[in-house]
Amino acid sequence: LGDFEGGIDYIRQGIKQIPQFLTPLQYAVINDKLGNFNTAIKFFNFASQIEPDDPESYYGEGIAMYRTGNYSKALESVKKSLELIENAKK
């Protein structure tokens with residue numbers, strides 16, 4: 001418990017060995033946490049194509065875009081996420 005680096009290594013090995021068992025959103029989140037922001041952005045985008053009404057993929061994409069310095073695209077993605085959340089409440 002508390003071995004963050006060991007856990008990250010374990011996840012990296014798992015990604016290499018069994019990526020077919022992860023959803024695009026899960027793969028995006030893992031890559032975002034590992035600092036692989038460009039890969040994360042690609043998979044957040046892919047996830048949003050599969051489930052266009054899921055705000056989580058747009059939000060994650062926005063955060064990853066922000067981390068790469070692409071602030072205007074980050075804002076677009078986060079706004080889309082918020083829009084989907086608001087529409088779901090109606």
Solution key, residues 82-89 side-chain donor-acceptor pairs under 3.5 Å, sequence neighbours excluded:
unit_1 : atom_1 : unit_2 : atom_2 : d
Asn87  : ND2    : Glu83  : O      : 3.4

Subject >> Among Asp32, Asn31, Thr39, side-chain contact (heavy atoms from CB on, under 4.5 Å) partner for Phe44 >> reply: Asp32

**OP:** Locate the shortest heavy-atom distance separating Ala40 from Ala28; write the atom from each residue and the value.
**Re:** CB-O, 3.4 Å

Original post:
Between atom CD1 of Ile63 and atom OG1 of Thr68, what is the distance when rounded to the nearest 0.5 Å?
Top reply: 11.0 Å

**OP:** Kindly indicate, with the supporting measurements, whether the criterion side chain to side chain contact (heavy atoms under 4.5 Å, CB included) is fulfilled by Gln26 and Thr23.
**Re:** CA-CA 5 Å; Gln26 291 168 326; Thr23 67; 3.1 Å; yes

**OP:** Spell out, yes or no, whether Val78 and Tyr58 are grouped together once hydrophobic residues are joined by side-chain heavy atoms under 4.5 Å, including indirect joins.
**Re:** no

**OP:** Kindly write out the residues that satisfy side chain to side chain donor-acceptor pair (under 3.5 Å) with Ser77, not counting sequence neighbours, or none if the list is empty.
**Re:** Glu61

Original post:
Step by step, would you call Asn36 with Ile30 a side chain to side chain contact (heavy atoms under 4.5 Å, CB included)?
Top reply: CA-CA 9 Å; Asn36 303 326; Ile30 289 168; over 6 Å; no

**OP:** State whether the number of non-hydrogen atoms from other residues, nucleotides or ligands found under 6.0 Å of Glu76 atom CD is greater than 12.
**Re:** yes

Original post:
Would you say Tyr59 has more than 12 foreign heavy atoms packed within less than 6.0 Å of its OH?
Top reply: no

Original post:
Is there a path of hydrophobic side-chain contacts, each under 4.5 Å between heavy atoms of I, L, V, M, F, W or Y residues, that connects Leu34 with Tyr27?
Top reply: yes

Original post:
So, for Ala64 and Ile41, which heavy atoms are closest and what is the spacing to 0.1 Å?
Top reply: CB-CG1, 3.5 Å

Original post:
Atom CD in Glu56, atom OG in Ser81: separation rounded to 0.5 Å?
Top reply: 8.5 Å

Subject >> Contact check, side chains of Ile50 and Pro24, non-hydrogen atoms, under 4.5 Å >> reply: yes

